[in-house]
Amino acid sequence: MSQPVVSQALAPSPPRHIAIIMDGNGRWAKARGLPRNLGHRQGIDTVRDVVRACRTLRIEYLTLYAFSSENWKRPETEVAGLMELLRLFIRRELDDLWRNGVRIRMIGDRSKLAPDIMQLITDAEHKTRDNRTLTLTIALSYGGQDEIVAACRRLAEQVAAGKLQPDEITPDLLAANLETAGIPDPDLVIRTSGEQRLSNFLLWQSAYSELIFIDKLWPDFSAQDLASAVEEFQRRERRYGGSE
């Protein structure tokens, strides 16, 4: 696979943190008369390529929306297939990710996952905990609204216990109680498949993210598409609500 090339004429720095809503696996398979899980399997190959491209582009953080809290409503066979692909991805890719300096983290509700998957994730996080080239965060059984509610509950418990005053609660304090604590907010959020919504993904963290929507289905997304999105990001002026 060819390595992505970013124009040297662009002076702005690349995003530190890219978050991607990987959408379109099922439609990719349907368009080819294939079972949906074959689309998800093809999507795993795209994940591998994008992780490599992020290392080439010197992206420090990559967060992938792998499975939402709402995705549990999908047919049981599809969910089972997705979980099996997750097992396959971790077992097949972990050593390569570790050797290449990739740190693995997971955000989301682990209680709904099978015990062996929880153990695979825990082992992967432990093995890669000292890596610093790229932090790969997998959002699995994740919902942005649930994450914010859980953070609010933790703060409310501290207030009820007399350890915190209500007027001491700030945006920074709430952010410190999110699952993404310690990770910078995404500079760039990419969604594939042509849909233009966040779908309950990193709702708090994406307040000032640049958004790029791409018509390609996730299995067709390439390293060059990622490089093009980075170039588009670098052309934008980020004012964070300030004057033009």
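Throughout, numbering of the chain's residues begins at 1 and tracks the sequence. Values in this document were obtained by computation on a predicted structure and should not be read as measured data.
Counting heavy atoms from C-beta on, the side chains of Asn25 and Gln42 never come closer than 4.5 Å. With contacts defined as side-chain heavy-atom distances shorter than 4.5 Å, the pair Asp220/Thr192 does not qualify. Between Ile104 and Leu94 the shortest side-chain heavy-atom distance falls below 4.5 Å. The shortest side-chain heavy-atom distance between Arg32 and Leu38 does not fall under the 4.5 Å cut-off. A heavy-atom distance below 4.5 Å is found between the side chains of Tyr142 and Glu147. Side-chain contact between Ser141 and Arg110: absent, with no pair of heavy atoms (C-beta onward) separated by less than 4.5 Å. Between Val230 and Ile18, some side-chain heavy-atom pair lies under the 4.5 Å cut-off. By the 4.5 Å heavy-atom criterion applied to side chains, Cys54 and Leu226 are counted as neighbours.
For Asp95, the salt bridge (charged side-chain N to carboxylate O under 4.0 Å, His left out) test picks out Lys127, with sequence neighbours left out. The side chain to side chain donor-acceptor pair (under 3.5 Å) check on Arg55 picks up Asn100, with sequence neighbours excluded. Taking the side chain to side chain contact (heavy atoms under 4.5 Å, CB included) definition, one finds that Arg132 meets it with Arg103, sequence neighbours left out. In this view, Arg74 and Glu78 satisfy the side chain to side chain donor-acceptor pair (under 3.5 Å) rule, not counting sequence neighbours. With sequence neighbours excluded, no residue satisfies salt bridge (charged side-chain N to carboxylate O under 4.0 Å, His left out) with Glu168. Annotation: salt bridge (charged side-chain N to carboxylate O under 4.0 Å, His left out) contacts of Asp167 (sequence neighbours excluded): none.
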Q: For Ile121 and Leu113, run side chain to side chain contact (heavy atoms under 4.5 Å, CB included): C-alpha distance rounded to whole Å, both residues' side-chain angles, the deciding distance at 0.1 Å, then the answer.
A: CA-CA 10 Å; Ile121 291 169; Leu113 301 175; 4.0 Å; yes
Legend entry - Glu84/Arg87 under salt bridge (charged side-chain N to carboxylate O under 4.0 Å, His left out): CA gap, chis, key distance, verdict: CA-CA 5 Å; Glu84 189 56 40; Arg87 293 181 178 97; 3.2 Å; yes
Checklist entry - Could you walk me through whether Leu88 and Ile44 pass the side chain to side chain contact (heavy atoms under 4.5 Å, CB included) check? => result CA-CA 9 Å; Leu88 177 64; Ile44 291 291; over 6 Å; no
If you apply the rule side-chain hydrogen bond (donor to acceptor under 3.5 Å, both in side chains), what do you find for Ser228 with Asp225, and how did you get there? CA-CA 5 Å; Ser228 296; Asp225 292 321; 5.4 Å; no
Check the pair Arg92 / Asp96 against salt bridge (charged side-chain N to carboxylate O under 4.0 Å, His left out), numbers first and verdict last. CA-CA 8 Å; Arg92 188 175 67 181; Asp96 184 65; over 6 Å; no
Verdict with reasoning, Arg129 to Glu125, per salt bridge (charged side-chain N to carboxylate O under 4.0 Å, His left out) = CA-CA 6 Å; Arg129 67 189 184 279; Glu125 289 177 322; over 6 Å; no
For this session: Verify side-chain hydrogen bond (donor to acceptor under 3.5 Å, both in side chains) between Thr46 and Asp49, making sure each step is shown before the conclusion.
Result: CA-CA 5 Å; Thr46 302; Asp49 292 344; 5.7 Å; no
I'd like to know whether Ile107 forms a side chain to side chain contact (heavy atoms under 4.5 Å, CB included) with Leu202, so could you lay out the CA-CA distance, the side-chain angles of the two residues, the decisive distance to 0.1 Å, and finally the verdict. CA-CA 10 Å; Ile107 57 175; Leu202 298 180; 4.2 Å; yes
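Within the structure, the ring-ring contact (aromatic ring centres under 6.0 Å, His included) test picks out no pair touching residues 21-51 (sequence neighbours left out). Screening residues 175-186 for side-chain hydrogen bond (donor to acceptor under 3.5 Å, both in side chains), with sequence neighbours left out, gives Thr180-Gln205. The ring-ring contact (aromatic ring centres under 6.0 Å, His included) contacts involving residues 71-110 comprise Phe67-Trp72, where partners must be two or more places apart or lie in separate chains. Contacts classified as ring-ring contact (aromatic ring centres under 6.0 Å, His included) and involving residues 176-201 (residues at least two apart or in different chains) are given here: Tyr65-Phe201.
The distance from the CZ atom of Arg197 to the CG atom of Asp23 is 7.0 Å, given to the nearest 0.5 Å. Remark: Glu210 CD to Glu237 CD distance equals 10.0 Å, nearest 0.5 Å.
Hydrophobic clustering (side-chain heavy atoms under 4.5 Å, transitive across Ile, Leu, Val, Met, Phe, Trp, Tyr) groups Val189 together with Leu203. One hydrophobic cluster, built from ILVMFWY side chains closer than 4.5 Å, cannot hold both Phe233 and Ile21; they sit in different ones. At a threshold of 4.5 Å between side-chain heavy atoms, the hydrophobic network of Ile, Leu, Val, Met, Phe, Trp and Tyr places Val79 and Leu120 in one connected group. Connection of Met106 to Ile20 is established within a shared hydrophobic cluster, with ILVMFWY side chains joined at heavy-atom distances below 4.5 Å, either directly or through further cluster members. In this structure, Leu217 is not a member of the same hydrophobic cluster as Met22, with clusters built from ILVMFWY side-chain heavy atoms closer than 4.5 Å.
Checked for salt-bridge contact, Arg154 and Glu157 miss the test: no charged N lies under 4.0 Å from a carboxylate O.
Between Asn37 and Thr77 the shortest heavy-atom distance is ND2-O, 3.6 Å. Of all the heavy atoms in Ala19 and Pro186, the pair that sits closest is CB-CB, 4.0 Å. Pro14 approaches Gln234 most closely through the heavy-atom pair N-NE2, 3.6 Å. When every heavy atom of Ala176 is checked against every heavy atom of Ala181, the shortest pair comes out as O-CB, 3.4 Å. Here the closest heavy-atom approach between residue Arg191 and residue Ser199 is recorded as NH1-OG, 2.7 Å. Counting all heavy atoms, side chain and backbone alike, Val47 lies closest to Leu64 at CG1-CD1, 3.7 Å.
Remark: the backbone N or O of Ser209 is not paired with any side-chain donor or acceptor of Ser206 at under 3.5 angstrom. For the pair Asn200 (side chain) and Gly143 (backbone), a donor-acceptor distance under 3.5 Å is absent.
Within a 6.0 Å sphere centred on CD of Gln145, other residues, nucleotides and ligands contribute 12 heavy atoms or fewer. Sparse packing is recorded around CZ of Arg58, with 12 or fewer heavy atoms of other residues, nucleotides or ligands lying under 6.0 Å away.
For the 3.5 Å distance criterion, the side chains of Asn71 and Ser68 qualify, holding a donor opposite an acceptor.
Here Tyr61 sits in one hydrophobic cluster together with Ile183; the rule is ILVMFWY side chains under 4.5 Å apart, joined directly or through other members. When hydrophobic side chains of Ile, Leu, Val, Met, Phe, Trp and Tyr are connected at separations under 4.5 Å, Val149 ends up as a singleton with no cluster partners.
The side chain to side chain donor-acceptor pair (under 3.5 Å) test with Asp187 singles out one residue from Arg238, His17, Arg16, and that residue is Arg238.
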